[in-house]
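In this text, all values refer to a predicted model and were calculated from it rather than measured experimentally. Counting begins at 1 with the first residue of the sequence. When reading the values below, keep in mind they use all heavy atoms of this one structure, side chains included, and skip hydrogens, waters and symmetry mates.
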Amino acid sequence: MEDFNQLKRKLDDMSVPELYEYIREKYPENEDLALGSKKIVVRKVLNFERNRLNELEEAGQ
């Protein structure tokens with residue numbers, strides 16, 4: 001959970017253009033994550049990361 005808090009702080013501290021560039025570089029297959037207001041974009045990225053983590057945990061079981 002600490003990782004998600006750090007990621008949220010990191011994303012919150014970015015300007016809108018920085019956030020858009022970060023998403024384009026880190027998630028090239030999901031550029032639609034960058035659509036919406038900054039608050040919505042941050043929430044989308046956090047949900048995406050949570051879902052990815054859950055999928056990895058399920059695959060490991």
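- For residues 5-31, every residue pair satisfying the ring-ring contact (aromatic ring centres under 6.0 Å, His included) rule, not counting sequence neighbours, is listed here: Tyr27-Phe48.
- Val16 and Leu11 are members of different hydrophobic clusters when ILVMFWY side chains are connected at heavy-atom separations under 4.5 Å.
- Salt bridge Arg52/Glu55: absent, no basic N to carboxylate O contact under 4.0 Å.
- For Glu31, there are no salt bridge (charged side-chain N to carboxylate O under 4.0 Å, His left out) partners, not counting sequence neighbours.
- A distance of 5.5 Å separates CG of Asp32 from CG of Asn30, quoted to the nearest 0.5 Å.
- A search for side chain to side chain contact (heavy atoms under 4.5 Å, CB included) contacts involving Asn47 returns Arg43, Arg50, not counting sequence neighbours.
- Of the possible polar contacts, none joining the Lys44 side chain to the Gly36 backbone as a donor-acceptor pair under 3.5 Å is found.
- The two residues Leu46 and Phe4 have their closest heavy-atom pair at CD2-O, 3.9 Å.
- Residues passing the side chain to side chain contact (heavy atoms under 4.5 Å, CB included) test with Asp13: none are found, sequence neighbours excluded.
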- Could you check Ile23 against Val41 for side-chain contact (heavy atoms from CB on, under 4.5 Å), going step by step and ending with a plain yes or no? CA-CA 9 Å; Ile23 291 171; Val41 169; 3.2 Å; yes

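- For Glu18, there are no salt bridge (charged side-chain N to carboxylate O under 4.0 Å, His left out) partners at least two apart in sequence or on another chain.
- Under a hydrophobic-cluster definition in which Ile, Leu, Val, Met, Phe, Trp and Tyr are linked whenever side-chain heavy atoms come within less than 4.5 Å, directly or via other members, Leu35 and Met14 are assigned to different clusters.
- Put simply, the side chain of Leu53 does not reach to within 4.5 Å of the side chain of Asn51, judged on heavy atoms.
- Taking the side chain as every heavy atom from C-beta outward, Leu19 and Val42 approach each other to under 4.5 Å.
- Partners of Lys8 by salt bridge (charged side-chain N to carboxylate O under 4.0 Å, His left out), not counting sequence neighbours, listed by chain and number: Asp12.
- Side chain of Lys38 to backbone of Ser15: no donor-acceptor contact under 3.5 angstrom is found.
- Scored by the side chain to side chain donor-acceptor pair (under 3.5 Å) test, Arg9 finds no partners at all (sequence neighbours excluded).
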